[in-house]
Number of protein chains: 4
Amino acid sequence: MSDLHWNTAITKIEPNKILVRGYPISELLGKVSYPQMVYLLFKGELPNENIGKMIDAILVSSVDHGTTPPSALSAITVASTGAALNASVAAGILAISQFHGGAIEECMRILIKAMDYKKTNDCTSAEAAGQIITDYRNAKKRLSGFGHRLHTDDPRTKKLFSLADELNIAGEYVALARDFEVILEKSLGKKLPINVDGAIAALLCEMEFDPTFANAFFIIARVPGLVAHIYEENTRYKPMRKIHPTDVSYDGPQERKL
Amino acid sequence: MSDLHWNTAITKIEPNKILVRGYPISELLGKVSYPQMVYLLFKGELPNENIGKMIDAILVSSVDHGTTPPSALSAITVASTGAALNASVAAGILAISQFHGGAIEECMRILIKAMDYKKTNDCTSAEAAGQIITDYRNAKKRLSGFGHRLHTDDPRTKKLFSLADELNIAGEYVALARDFEVILEKSLGKKLPINVDGAIAALLCEMEFDPTFANAFFIIARVPGLVAHIYEENTRYKPMRKIHPTDVSYDGPQERKL
Amino acid sequence: MSDLHWNTAITKIEPNKILVRGYPISELLGKVSYPQMVYLLFKGELPNENIGKMIDAILVSSVDHGTTPPSALSAITVASTGAALNASVAAGILAISQFHGGAIEECMRILIKAMDYKKTNDCTSAEAAGQIITDYRNAKKRLSGFGHRLHTDDPRTKKLFSLADELNIAGEYVALARDFEVILEKSLGKKLPINVDGAIAALLCEMEFDPTFANAFFIIARVPGLVAHIYEENTRYKPMRKIHPTDVSYDGPQERKL
Amino acid sequence: MSDLHWNTAITKIEPNKILVRGYPISELLGKVSYPQMVYLLFKGELPNENIGKMIDAILVSSVDHGTTPPSALSAITVASTGAALNASVAAGILAISQFHGGAIEECMRILIKAMDYKKTNDCTSAEAAGQIITDYRNAKKRLSGFGHRLHTDDPRTKKLFSLADELNIAGEYVALARDFEVILEKSLGKKLPINVDGAIAALLCEMEFDPTFANAFFIIARVPGLVAHIYEENTRYKPMRKIHPTDVSYDGPQERKL
């Protein structure tokens with residue numbers, strides 16, 4: 001051991017053996033899903049299958065949002081210069097930052113703050129939500145996780161919450177998020193519904209993830225989408241074309257049922 | 001429409017509706033897994049459940065390999081300077097390149113070349129493998145996907161192939177890869193077994209992925225591992241420490257069973 | 001003009017004419033130096049030659065610091081995987097962050113805060129320095145720009161300040177930085193000299209740069225160093241070697257005079 | 001020394017002493033320019049002042065090209081998401097790749113190939129140029145460094161070459177590039193003039209740089225431009241705006257003289 005010796009608690013590598021958090025990867029293969037592995041890597045323990053299904057659904061919900069998000073645009077802009085796939089993906093990920101994807105982490109911090117307030121002050125979650133909403137209004141800060149420019153009634157939100165009910169994951173944080181929605185409508189006089197970022201935030205809180213992982217879930221979810229856009233750029237368009245951020249039509253398969 | 005108008009066939013975004021390759025994301029949620037979504041995004045069609053399980057296992061097999069791969073080292077080196085999580089992940093992905101992860105794509109191209117040779121020359125896959133091995137030896141090029149510095153008998157390979165049998169995915173490419181192994185042993189006088197990259201390459205060929213997606217599968221698989229290392233760096237170590245690439249011990253949970 | 005029309009005040013491109021901040025680049029060529037161009041791009045006006053020389057010296061002072069900074073290590077780690085030069089440089093730049101290079105911006109903000117305090121309270125710069133030092137001590141925050149782990153008497157600092165005197169650039173901010181040094185020694189009982197980051201911070205304040213440009217100067221200065229390390233890695237070492245962060249010797253030319 | 005011991009020939013770091021290629025940085029400060037340092041770092045020796053001036057002019061010539069190049073667009077797209085300055089710069093650099101900036105390296109390789117042909121076959125440089133042009137036409141490959149979509153008579157090219165004459169740097173490679181221009185016009189029946197990439201390529205050949213440094217010169221030149229665009233984005237526009245790639249006007253200072 002040198003004076004730079006250090007330790008890691010994630011993965012042990014030996015000849016012909018790879019232990020992730022103590023479990024041999026070869027035994028996990030086929031029994032544990034990739035979304036469960038994300039949990040194992042982030043939290044150190046294997047989750048039950050329901051949590052695996054919840055994380056799977058969270059990843060599916062954010063897997064792509066077309067060509068207009070800045071992550072897609074920076075990825076295809078870089079791809080269009082002849083850069084390697086990994087460099088194009090990296091450029092996309094550099095755009096998953098405060099204002100793009102960052103709402104999940106901010107909303108988690110808001111919900112955790114409200115839950116702390118509720119417990120400290122022994123009040124209802126509606127009262128806690130009201131207090132935080134007032135604080136944010138006074139500080140002129142935006143409440144991340146509520147309202148959406150385009151999706152006023154995001155079907156992903158409803159579906160994620162109904163899955164969370166089925167999987168016995170919805171609990172006090174989902175209830176709290178719903179209280180926020182109610183109080184926001186009362187105080188604003190108009191509906192500002194929980195958006196998909198807010199729904200994911202509430203669910204990550206239910207599963208007790210540290211908010212610093214929020215961005216990681218969004219990145220993991222979105223990489224396949226970025227790759228699909230990069231591949232389309234490379235196979236369908238000439239290098240160095242001018243990429244319009246909004247004047248783009250969809251010419252893929254028409255709406256179809258499962 | 002401006003003169004920069006363009007089309008995308010991946011995802012259609014409308015108010016309250018997101019169609020990925022024609023399927024409403026809200027209907028996919030809870031019914032289709034993230035690994036199936038990867039297939040849908042890359043190939044345009046939904047795969048059956050078996051293919052979803054195969055992709056899931058491929059992702060699980062490559063989810064982490066400890067702290068020594070260059071992607072982990074560049075990610076934690078950047079994390080250690082106080083960079084944001086997404087920037088640290090991007091630095092890790094920039095290292096997933098020709099010599100790190102690149103073997104999957106190279107092995108896919110080798111297998112496809114051998115399969116073309118077999119079909120063109122109407123010979124056995126063993127003969128095709130022998131021809132390609134000779135060509136590579138004459139050109140003094142390394143055959144990616146066979147042999148490993150550390151894992152001489154990688155349990156991930158066996159498990160991936162047995163899963164592929166169970167899921168009815170193993171076919172002519174898996175057989176071809178096994179022929180390569182046999183011919184290599186005969187011609188070298190020592191065993192150079194299919195490694196995990198070679199196994200993944202054969203399976204991606206069975207599922208008819210374009211080889212340019214090989215790197216994408218490795219990136220998707222590895223992002224959760226990179227995030228775990230970045231989180232450990234940020235929560236366990238001081239900024240700007242000197243990160244030794246090999247003098248590191250594992251102090252996580254001891255080997256345990258599922 | 002579309003509804004996305006926007007404006008830029010930096011560079012006008014016409015056939016056979018490129019105007020940077022109004023000046024035709026072809027007329028600047030040979031008359032105006034690259035360091036003067038940096039000023040022109042950042043501030044919108046051409047600086048006099050003395051300012052050009054000062055920026056030139058700032059860039060030279062930070063052009064490289066060997067193989068141990070995280071930016072060099074992440075760049076060569078990525079280079080070692082066979083990545084392209086630009087991807088390796090990008091990985092290096094991702095490490096030029098809060099704890100590596102970030103001291104310049106932090107020190108600029110400290111000096112500006114002290115200068116504001118001085119002007120608001122009509123006191124001496126020594127009194128202002130004393131107040132800020134007390135505030136930082138009470139808040140248990142580190143004063144960036146003073147002291148260095150390795151260089152207790154950094155010859156670059158002295159040289160930059162003597163050049164600033166010659167070029168008539170040293171003024172109230174350099175004086176203020178020196179007052180900080182004196183007060184720090186008095187209050188700590190030991191010397192905590194201005195380091196090269198602190199010197200650059202004082203000089204950028206003298207030239208009235210917005211502190212958000214501090215990181216840019218460090219990045220510009222360091223890119224040639226990163227490139228030299230990447231080139232050495234690619235031409236001297238095998239791919240995927242294990243890169244020790246400190247067990248490295250210098251085997252270049254011995255010390256020599258200009 | 002550990003078994004990972006390695007050597008670097010670039011910079012020696014000792015307490016209070018930093019030697020770049022053997023020269024103490026504190027002695028270089030104020031005497032040697034940043035462009036000369038680039039040469040010292042890349043080639044190991046200090047160049048004379050003329051070479052310093054030539055590199056300075058090359059850097060100035062490529063310092064910015066407005067908002068339309070993909071490097072500017074990916075940098076401001078990432079900046080617009082609230083990413084840090086260094087992450088935005090990195091995203092810009094990831095776009096400086098094969099089709100954007102890559103022409104310099106390709107043109108250097110063409111000129112070196114023609115020069116080798118000339119020396120091997122003891123022919124005129126016009127004959128060598130003719131042979132390479134024929135080879136490229138037969139292989140249906142584009143000759144990088146000649147012709148430009150927008151600048152049919154790039155004033156930067158003329159100015160760089162006249163400076164190269166003044167500085168005694170123009171030699172056989174500049175003559176060769178001019179022969180290419182003449183032969184191209186004869187064989188195509190229309191002018192395809194040397195563009196700025198071709199001019200820089202010829203000059204880097206004159207200074208005997210390895211072609212792998214070509215991209216580095218472009219990156220170093222362009223970083224200040226990227227920073228100016230990032231700063232403008234952050235100070236002038238709202239986060240997450242839709243960035244049109246061409247519908248942009250210049251509203252900076254009108255054309256002015258030095």
Side-chain angles (χ1 to χ4, degrees), chain B residues 1-5 65-103 105-106 142 144 148-150 215 218-219 222 230 233-234 237-248, chain C residues 1-5 65-103 105-106 142 144 148-150 215 218-219 222 230 233-234 237-248:
Chain B
M1 293 206 305
S2 71
D3 57 348
L4 294 179
H5 182 79
H65 200 266
T67 54
T68 55
S71 54
L73 288 167
S74 59
I76 63 177
T77 299
V78 167
S80 158
T81 69
L85 181 114
N86 70 325
S88 307
V89 170
I93 288 175
L94 289 172
I96 298 180
S97 189
Q98 187 185 357
F99 299 110
H100 172 35
E105 181 173 341
E106 280 175 50
R142 211 176 101 57
S144 294
H148 196 283
R149 181 184 45 79
L150 185 65
N215 202 30
F218 192 81
I219 292 170
R222 192 54 60 90
I230 292 164
E233 184 66 32
N234 288 339
Y237 296 104
K238 285 191 188 162
M240 298 293 285
R241 74 178 176 101
K242 300 293 177 193
I243 298 166
H244 196 293
T246 56
D247 188 14
V248 48
Chain C
M1 291 206 307
S2 71
D3 57 347
L4 294 180
H5 183 79
H65 200 265
T67 54
T68 55
S71 54
L73 287 167
S74 59
I76 63 177
T77 298
V78 168
S80 157
T81 68
L85 182 113
N86 69 326
S88 308
V89 170
I93 287 175
L94 289 173
I96 298 180
S97 190
Q98 186 185 358
F99 299 110
H100 173 35
E105 180 172 340
E106 280 175 50
R142 213 176 100 57
S144 293
H148 195 283
R149 182 183 46 79
L150 186 66
N215 202 29
F218 192 82
I219 291 170
R222 191 54 60 90
I230 292 164
E233 185 65 34
N234 288 339
Y237 294 105
K238 286 192 186 159
M240 298 291 285
R241 74 177 175 103
K242 300 293 176 193
I243 299 166
H244 196 294
T246 56
D247 188 14
V248 48

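Protein chains get the first letters and strands the later ones, always in sequence-line order, with residue 1 at the start of each.
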Validation: residues 94-101 of chain C side-chain donor-acceptor distances under 3.5 Å, sequence neighbours left out:
unit_1: C/S97; atom_1: OG; unit_2: B/A83; atom_2: N; d: 3.4
unit_1: C/H100; atom_1: NE2; unit_2: C/S71; atom_2: OG; d: 2.7

Minimum side-chain heavy-atom gap B/I76-B/I243 below 4.5 Å: yes
Ring geometry between B/H65 and B/H148 (parallel below 30°, tilted from 30 to 60°, perpendicular above 60°): tilted
Over all atoms of both residues, closest heavy-atom pair of C/T81 and C/T77: CG2-O, 3.5 Å
Side-chain donor/acceptor of B/S80 to backbone N/O of B/M240, under 3.5 Å: yes
Part of C/S2 lying under 4.5 Å from any heavy atom of chain B: neither
Sidechain N-carboxylate O distance under 4.0 Å for B/R142, B/E106: no
Sorted by number, residues from residues 84-93 of chain B in contact with chain C (heavy atoms, under 4.5 Å): B/A87, B/A90, B/A91
Between B/S74, B/A79, B/P69, the one whose heavy-atom pairs under 4.5 Å with chain C are most numerous: B/S74
Which atom of B/L73 lies closest to which atom of B/P245, heavy atoms considered: CD1-CB, 3.9 Å
